[in-house]
**Student:** 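Before we start, here is the structure in question, set down as structure tokens.
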Amino acid sequence: MNFVNRYFIVVIHHHVEGEGETGYRELRGRLIRSNASSDYYIPKESPLYNYFCSDNRADGVLIRADGIDLVGPSEVDQTYVGIKDESSIKCPTLVYSIRKCEKDDYAVENAFKYPFNDEIKGLETISKDLSALMSNALGILNKGMTEREISKVLQRELCNSDFVLQYKLIVSGDANTLELWHVPGKFVPKEMIYLEAGVSRNGLSGIYGETIFLKEIDDYSSDYSEIIKGKELLRKKFIEGNRTTDLQSIETLRNPRLFLTTPLFPYQHIEIPGENRIIHARETSVFDFWVMRKNYAVRKKITAIAGPSEGIIL
């Protein structure tokens, strides 16, 4: 039985056995264990640690045939287990140089091809909650605040929530929006601000990237309408059975110094522009749309999940 068939059998089984955060973690563990053919260790230094573990006291996660155990000293928690022989287990390449375990990335890569139904629901909720939080935070900003001050307010609001920041916030105003990754400084935005936050919650990722207009200018509205057209094209064309070439028209929204898409951790993603291939259901991509002008850029990040009849847009 090939991996794809095993995958869908497990997904069907999932709706009988487990739902929510515990359910999808257990399912991913089973997929990794079946592909690794031995116990698999994910230490704390691996990005996947946060997907499987909400208890940051643990040193790592050990995926066994009968379930997932947290690794650590029993003095911290009596439920933790130890690893007697690291050479008998497998782990990601990222930690291979400082561990004795056998490197194996295949097991992880094949286990995270597509999000499960519960994960898609979780991704949708994270996207809505993150967008609402950012919108509410913008409402408490004062006129004349610098990019750095805006960044501090937004970071405080995010830290007061249950989101975990994956990288430093991007806050850029006016001409600074043309920079790929602007470091917030003393500049006071007067006409527009681009805000970006990458977060995680319960192991699932969320990305907010939006241009906020401080002045109503016809050119800005026209530029943003181009991005909305690209978003609607994704909804119609980013579907099972279509080819990646069906999305060629959105390449006009690409910053020439960047790829049009980025990954949604920890899932595999479609690169556009990239090889001409068929889109499969539940494949993901984060599209980084740009409308670039001489003195500014209107930018938006859109997470898309391929559906059977229309794309899921977050």
Side-chain angles (χ1 to χ4, degrees), residues 6-7 10-11 13-123 125-126 158-159 161-167 198-206 264-268:
R6 292 204 312 272
Y7 171 84
V10 172
V11 171
H13 188 57
H14 165 54
H15 292 289
V16 177
E17 275 203 359
E19 296 291 340
E21 177 186 340
T22 302
Y24 64 68
R25 283 175 171 167
E26 289 178 351
L27 282 170
R28 293 294 177 193
R30 291 182 206 170
L31 288 173
I32 290 174
R33 183 61 176 76
S34 65
N35 280 284
S37 68
S38 69
D39 291 350
Y40 198 94
Y41 181 47
I42 300 177
K44 200 167 190 174
E45 61 263 30
S46 169
L48 276 175
Y49 171 88
N50 291 325
Y51 176 90
F52 284 102
C53 181
S54 299
D55 184 355
N56 61 13
R57 300 174 303 163
D59 296 330
V61 173
L62 185 63
I63 300 173
R64 292 173 165 166
D66 58 352
I68 300 174
D69 292 321
L70 299 184
V71 177
S74 58
E75 291 82 2
V76 175
D77 194 309
Q78 292 182 349
T79 64
Y80 291 173
V81 302
I83 299 176
K84 295 181 180 179
D85 181 13
E86 282 193 353
S87 63
S88 66
I89 59 177
K90 297 183 179 180
C91 63
T93 300
L94 180 64
V95 299
Y96 179 61
S97 61
I98 58 174
R99 302 278 179 178
K100 295 179 180 179
C101 48
E102 179 184 352
K103 63 178 180 179
D104 181 359
D105 293 324
Y106 172 85
V108 171
E109 290 170 358
N110 278 274
F112 283 97
K113 283 186 175 293
Y114 316 105
F116 294 137
N117 281 339
D118 281 350
E119 289 174 324
I120 291 175
K121 292 177 184 176
L123 292 169
T125 300
I126 287 173
L158 285 164
C159 290
S161 71
D162 53 357
F163 290 119
V164 178
L165 276 172
Q166 298 301 298
Y167 52 83
V199 303
S200 67
R201 185 171 70 187
N202 298 329
L204 299 180
S205 300
L264 180 66
F265 182 81
Y267 310 107
Q268 294 188 27

**Student:** Which atom pair, heavy atoms only, marks the closest approach of Pro47 to Phe265?
**Tutor:** CB-CZ, 3.5 Å
**Student:** Might you point out which heavy atoms bring Ala36 and Lys90 nearest each other, and give the distance in Å?
**Tutor:** O-NZ, 2.8 Å
**Student:** Got a salt bridge between Arg64 and Asp66, using NZ or NE/NH1/NH2 to carboxylate O under 4.0 Å?
**Tutor:**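 A salt bridge is absent here (no side-chain N lies under 4.0 Å from a carboxylate O).
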**Student:** Hey, what do you get for CG (Asn50) to CD (Gln166), rounding to the nearest 0.5 Å?
**Tutor:** 6.5 Å
**Student:** Is the Tyr51 ring parallel, tilted or perpendicular to the Tyr24 ring (thresholds 30°, 60°)?
**Tutor:**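 Judged by the thresholds at 30° and 60°, the geometry between Tyr51 and Tyr24 is tilted.
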**Student:** So, for Pro115 and Arg28, which heavy atoms are closest and what is the spacing to 0.1 Å?
**Tutor:**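 Heavy atoms of Pro115 and Arg28 come nearest at CA-NH2, 3.4 Å.
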**Student:** Any donor-acceptor pair under 3.5 Å linking the side chain of Arg33 with the backbone of Tyr40?
**Tutor:**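 Absent.
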**Student:** What's the spacing between Ile42 CD1 and Ile68 CD1 if we round to 0.5 Å?
**Tutor:** 8.0 Å
**Student:** Apply the test side-chain contact (heavy atoms from CB on, under 4.5 Å) to residues Val108 and Leu48: give CA-CA distance (whole Å), side-chain angles for both, the deciding distance (0.1 Å), then the verdict.
**Tutor:** CA-CA 9 Å; Val108 171; Leu48 276 175; 3.2 Å; yes
**Student:** Determine the minimum heavy-atom distance between Arg201 and Thr125, stating which atoms define it.
**Tutor:**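 In this case the closest contact between Arg201 and Thr125 is NH2-CG2, 3.6 Å.
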**Student:** Measure the spacing between CG of Asp39 and CD1 of Ile32 and express it to the nearest 0.5 Å.
**Tutor:** 12.0 Å
**Student:** Under the 3.5 angstrom rule, does the side chain of Ser46 hit a backbone N or O of Pro43 as a donor-acceptor pair?
**Tutor:**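 Checked: no pair found.
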**Student:** Taking Lys44 for the side chain and Tyr49 for the main chain, is one N or O donor matched with an acceptor at less than 3.5 Å?
**Tutor:** no
**Student:** If you compare all heavy atoms of Leu264 against all heavy atoms of Ser205, which two are closest, and at what distance to 0.1 Å?
**Tutor:** CD1-CB, 3.8 Å
**Student:** Counting the benzene-type ring for Trp, do Phe116 and Tyr267 have ring centres under 6.0 Å apart?
**Tutor:**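 No, they do not, as the ring centres are separated by 6.0 Å or more.
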**Student:** First locate atom CD of Glu109, then atom CG of Asp104, and finally report the distance between them rounded to the nearest 0.5 Å.
**Tutor:**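 Nearest 0.5 Å value for the CD-CG distance: 9.0 Å.
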**Student:** For the pair Tyr80 (side chain) and Asp59 (backbone), establish whether a donor and an acceptor sit closer than 3.5 Å, ignoring hydrogens and angles.
**Tutor:**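 Such a contact is absent between Tyr80 side chain and Asp59 backbone.
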**Student:** Is the shortest side-chain heavy-atom distance between Cys53 and Arg25 below 4.5 Å?
**Tutor:**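 With C-beta onward as the side chain, the pair stays apart.
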**Student:** Kindly indicate whether the side chain of Phe163, heavy atoms from C-beta on, has any atom under 4.5 Å from the side chain of Ile126.
**Tutor:** yes
**Student:** How far apart are the closest heavy atoms of Ala58 and Leu70, and which atoms are they?
**Tutor:**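 Reported closest heavy-atom pair: CB-CB, 4.1 Å.
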**Student:** Mind checking whether Ile89 and Ile83 have side chains closer than 4.5 Å, heavy atoms only?
**Tutor:**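 Yes; the side chains approach each other to less than 4.5 Å.
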